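See below for the structure under consideration.
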Amino acid sequence: MVEAAPRVPDKRQMSKPARRFWRNPASLIGVVLLAILLFIALLAPLISPDPIAQDLSQRLKPPSSQHLLGTDQLGREVWGRVAHGAIISLQVGVFVTLLSVLVGVSVGLFAGTLGGAWDNALMRVTDIFFAFPSLILAMAIAAALGPNLTNTIIAVAAVSWPSYARLVRAQVLALRDREFVEAARALGTPQVSIALRHLLPNTLTPVLIQSSFDVGQAILTAAGLSFIGFGAQPPTPEWGAMVSETRNFISEAPWASSAPAIAIAISVLAFNLIGDGLRDALDPRNTK
Amino acid sequence: MLTYIIKRLFFVLFVVWGLTVATFFISQILPGDPAISALGDKATDEMIQNFRDKNGLNQPVLVQYFSYVSRLAVGDLGTSLRTGRPILDDLRDFFPGTLELALAALLIAAAIGIPAGVLAALQQNKLPDVLVRLLALIGGATPIYWLAILLLETLHNKLRWLPGPGRLDAYLIAPPRVTGLVGIDAIFAGDWQVWSDSVMHLILPAFVLGAFSAALLARMTRAAMLETLNQDFVRTARAKGVSNSTVIVRHALRNAFLPVLTVLGGVLGGLLSGAVLTESIFSWPGVGRYVTDAAISLDFPAVMGVTLLAGVAYSLINLATDLLYAVLDPRISYG
Amino acid sequence: MRRRFGAAAALLSVSLLAIGVAQNSRSSTLVYGGDFSDLITLDPGTSYEFSGGLVTDNLYETLVKFEGEDLSTLKPGIATKWTVSDAGSSWKVVFNLRNQKFSSGNPVTADDVVYTFDRAIALKGNGSFLFDEVANMKVGSTKAINKTTLEVTLPKTASPAAFLNLLTFNIGGIVDSAEVKSHVVNNDYGTAWLKNHSAGSGPFVLNRWDQNQQVVLEANPNSRLLPLLSRVILREMKEANTQKIALESGEIDIAENLTPDMVAAKAKDAKFNVYKADSLRLQYLGMNTGADSPFKDARVRQAVRWAVDQDAIVNDLAGGNARKIQTIIPAGLFGYNPATPYKVDIEKAKSLLKAAGKEGGFEFEYLVPQGSCGAGIPCSDLAAKIQSDLAKIGLRAKIRQIVQSELLGIYRAQKAQMVMVGWSPDFPDPDGNATPMSDYGAKSLAWRNAWQNDTAGKLAQQAALEPNPAKRAALYKQLTELQLEDGPFAILYQPKVPLTLAKTVKGYLRNAQGQVRFEKISK
């Protein structure tokens with residue numbers, strides 16, 4: 001567990017994990033991949049063609065100098081669609097994670113700090129969410145709210161917050177009876193302030209590690225929802241939807257479905273590598 | 001121990017209740033009319049009203065909910081709005097397909113993931129380790145539906161190494177139903193032709209479904225092995241001159257198995273979500289497809305049935321892993 | 001490790017053996033691959049779905065039927081002869097039945113027909129409206145005069161021709177009353193049993209139906225229609241790609257839902273035949289003409305018709321598996337108007353928008369179903385194509401792709417701005433399109449688009465009951481022209497159903513209602 005002193009961060013201790021992170025080739029690769037993705041995502045309109053312009057005379061053309069990654073069944077540029085899809089998937093991943101961290105951390109902090117009946121009630125709700133088959137729940141929510149990207153974000157967040165609630169609650173329970181918390185309580189510090197100023201900061205490390213993995217998982221789940229038709233609307237160049245729309249052309253035009261699928265895999269990989277790197281760097285047990 | 005089990009079983013009931021509330025809530029905010037979905041475009045307003053009356057859709061939500069729960073209490077899951085059959089019958093038909101697929105996937109995942117993790121841990125930072133980690137990373141990041149399409153195209157369509165979609169060759173007739181698992185029923189019937197064909201049909205979808213879990217298991221096993229290998233008792237055993245393979249098998253593996261066990265439970269639960277994506281591509285008649293079709297036609301009693309089934313399965317698997325944990329690790333006991 | 005290889009080899013040899021054994025039955029079995037996921041019952045009395053019809057047509061015989069691809073001449077089925085007579089206040093239709101047997105061995109009698117018709121009305125299934133609303137029949141309208149003579153009495157509000165036509169549907173399949181009655185539970189008319197059993201006199205009997213997997217039909221030894229093949233298996237495959245690879249590997253003999261590109265590729269392959277069946281379906285855009293809709297002005301709707309690039313849709317997206325059509329009655333039916341005055345003319349469309357005061361264009365919601373639209377074009381592709389066509393005249397369509405039932409819910413409540421859906425008539429008569437699409441009072445398509453045009457409504461009503469063909473044709477010409485100008489629809493195309501068959505399959509014919517006689521197929 002995190003043993004760092006609660007208030008005054010020690011400079012040397014902060015920099016050691018950082019150094020560990022940057023020296024780990026895995027996390028370096030992750031960061032580089034993410035940087036490339038970000039670059040493509042932000043500059044897509046400058047470096048790639050229009051993702052929705054159709055040219056039916058140029059359907060299903062293989063990759064060439066004219067069509068970098070080939071064209072799809074409507075003669076749209078696959079490269080343009082993949083590049084413009086980057087910002088969508090990154091946004092979905094980040095917003096889902098932010099939303100589920102917000103909800104999950106609040107619930108966990110609340111439950112852990114208050115304890116008793118509140119703790120019990122909140123954790124049982126969390127258990128129910130765990131018991132729900134996640135894709136079915138996300139599908140039902142997306143169907144209920146109507147398919148679009150915002151609702152996809154809500155649906156995926158709805159299935160990914162409970163793990164944060166459990167994580168944070170466990171941290172809080174471990175910290176609750178520590179001296180510095182006891183001391184603060186003895187000084188008459190209000191509960192809210194203890195929770196926010198003493199407990200919360202100490203739970204952030206595992207949350208950070210978990211969330212870097214979750215951005216990738218959220219991208220994967222959201223693309224899965226789009227694949228079965230409960231996500232982005234045509235002609236949005238969302239990667240999962242692109243795989244879905246082009247899957248029937250796998251024999252004749254494998255590039256059309258492979259390019260977005262590989263893009264999904266690379267983004268998930270990038271976040272997993274960064275997550276691994278963060279965990280190795282921040283988790284003191286794992287000093288090699 | 002017994003009181004603990006009883007307590008946990010009560011908890012399963014609680015989960016069931018929670019799932020009914022959640023699903024009911026979602027079904028109420030759902031746009032669209034299940035009656036139109038069941039009756040089609042040409043249905044008259046009168047037909048729609050009749051349908052709604054017959055299925056109790058015109059009653060107040062709370063009345064609907066309570067009648068559902070009271071029927072559930074006697075084991076009646078209601079009637080599917082889409083197929084018009086008792087949901088229990090539908091699940092009886094479709095669940096074995098998914099169970100078969102999930103068990104095979106789990107088997108494949110364990111058979112690949114655990115040895116790979118052990119190998120990686122023993123060869124830490126050497127080539128096998130790097131390869132296993134790389135494959136695990138890729139396996140954990142690849143969209144399962146694309147993997148399904150790709151492998152179907154290559155291993156079946158291009159290379160013809162494995163049979164294509166479906167549970168059996170079209171010309172073979174499934175054996176009489178005993179368990180619903182075609183492979184097992186074929187053994188009962190002594191029909192080896194059907195047996196081998198069903199096993200061959202299972203390999204590809206089960207591999208696709210299990211790939212993600214295999215990656216997860218490889219990572220977990222590796223981490224757990226590394227941790228135990230560095231622990232004092234293993235070091236001591238080694239210092240005492242116990243042979244390397246004995247140390248690995250008797251001490252390290254056994255202890256590393258505990259965290260892996262936890263993941264295994266979760267993996268089986270997660271396979272249902274994967275089944276939603278895999279079953280349609282492999283024309284596999286299972287609950288994953290059933291629930292997708294049900295969701296598309298707003299057949300919420302059916303969605304609820306599958307959700308409950310999955311929830312109960314998940315809770316029971318968790319209970320089983322926890323108990324197994326206690327058996328394997330004498331330090332843990334439940335009062 | 002070696003032992004594992006041994007096991008794999010053994011496994012492989014066993015499965016090779018399996019293929020060898022299975023080979024024997026292959027030549028007498030037809031395997032038909034398609035998306036049969038709409039199959040929910042095989043009871044002809046309640047079945048109304050397309051896939052249900054494909055099966056029940058071959059399990060049950062009807063009194064009269066269509067043969068081959070023809071939909072204009074009724075041929076004898078169980079009835080060898082039928083006569084329609086005017087009985088003053090009603091129509092009397094008398095049928096003479098032939099001597100034959102059900103699969104159970106029971107004789108087919110007039111009492112079985114009475115039971116079948118009354119049962120279908122009483123069951124209130126999805127297709128019951130054909131009997132009670134279209135033909136205005138009630139329980140008791142059908143009487144057995146003797147074992148082989150049957151009389152149906154219809155009120156004058158019904159059309160005897162329409163009645164005879166609809167007897168060819170699923171609901172007209174005659175069931176073995178003795179057999180069905182023996183399986184009645186809780187007054188259900190045996191519908192729970194008939195859902196997955198058969199009791200008919202058709203060329204096949206149901207062997208088994210595994211939901212979402214396959215329907216297995218076996219030759220009916222008691223039928224007078226002896227099939228050329230002993231077994232037909234309908235294998236459910238939802239994905240086009242799955243069907244394609246199953247067809248290539250020889251696992252299926254017929255694939256029903258290949259994409260237009262796959263069909264084009266197979267057409268060039270010597271191992272396959274492509275058979276393009278007609279359909280009476282129209283794929284169309286419906287535009288709401290209500291007071292607060294941007295499509296209220298007829299000129300805006302015309303602009304849409306001038307903007308949509310039908311040729312590209314028909315030739316490129318549908319790969320030619322569709323007919324370009326702009327009028328509301330499909331080709332193949334009486335009253336079809338082949339006029340196609342609209343072609344892509346962006347300037348004209350823009351000037352119409354300008355005249356309607358919508359010069360800058362506007363944004364609107366465009367509802368699109370999930371899955372595949374007619375001729376195997378994915379709805380998402382078709383929607384994206386139309387969106388880009390409309391964008392050229394400044395109309396900004398926001399696509400919302402939702403499940404069919406949700407879309408219909410919105411459409412039926414008059415709440416859609418623009419929808420893209422399909423429509424097929426219930427029986428092969430122009431009225432199956434003219435009234436729903438023109439008569440606001442019929443509360444069907446015209447109503448859903450809030451299009452109230454009294455002239456159109458009257459024309460449709462008049463034409464429906466007009467007995468003189470020349471006069472009727474003139475009325476439909478007038479109506480289709482009016483619709484071309486003012487109607488709420490932009491007809492996109494009339495799809496064909498391209499089927500890909502292994503070269504060995506012979507005798508496959510399919511009419512525009514989707515009926516296929518399996519007994520005539522050989523391989």
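Note that these values count all heavy atoms, side chains included, but never hydrogens, waters or copies made by symmetry. Treat the numbers as computed from the prediction; the structure is a model and nothing was measured. Proteins get letters first, then strands, A, B, ... in listed order; numbering begins at 1 in each.
A donor-acceptor pair under 3.5 Å is absent between the side-chain atoms of Asn321(C) and the main chain of Pro498(C), judged by distance alone.
In this structure, Gln401(C) and Cys379(C) have side chains that are in contact, with non-hydrogen atoms separated by less than 4.5 Å. Lys244(C) has its side chain within reach of Lys266(C): a pair of non-hydrogen atoms, C-beta onward, lies under 4.5 Å apart.
Heavy atoms of Asp261(C) lying under 4.5 Å from chain A belong exclusively to its side chain. Heavy-atom distances place no part of Ala383(C) under 4.5 Å from chain A, backbone and side chain included. For chain A, the nearby part of Leu317(C) is the side chain; its heavy atoms alone come within less than 4.5 Å. Using a 4.5 Å cut-off between heavy atoms, Ile52(A) does not touch chain C at all. When heavy atoms are compared at a cutoff of 4.5 Å, Arg247(A) approaches chain C by way of both its backbone and its side chain. Using a 4.5 Å cut-off between heavy atoms, Ser380(C) contacts chain A through both its backbone and its side chain.
Between Tyr284(C) and Tyr411(C), the ring planes are tilted. Angles from 30° to 60° get that label.
A cation-pi geometry, defined here as NZ or CZ lying under 6.0 Å from the six-membered ring centre and within 45° of its normal, holds between Arg166(A) and Phe130(A).
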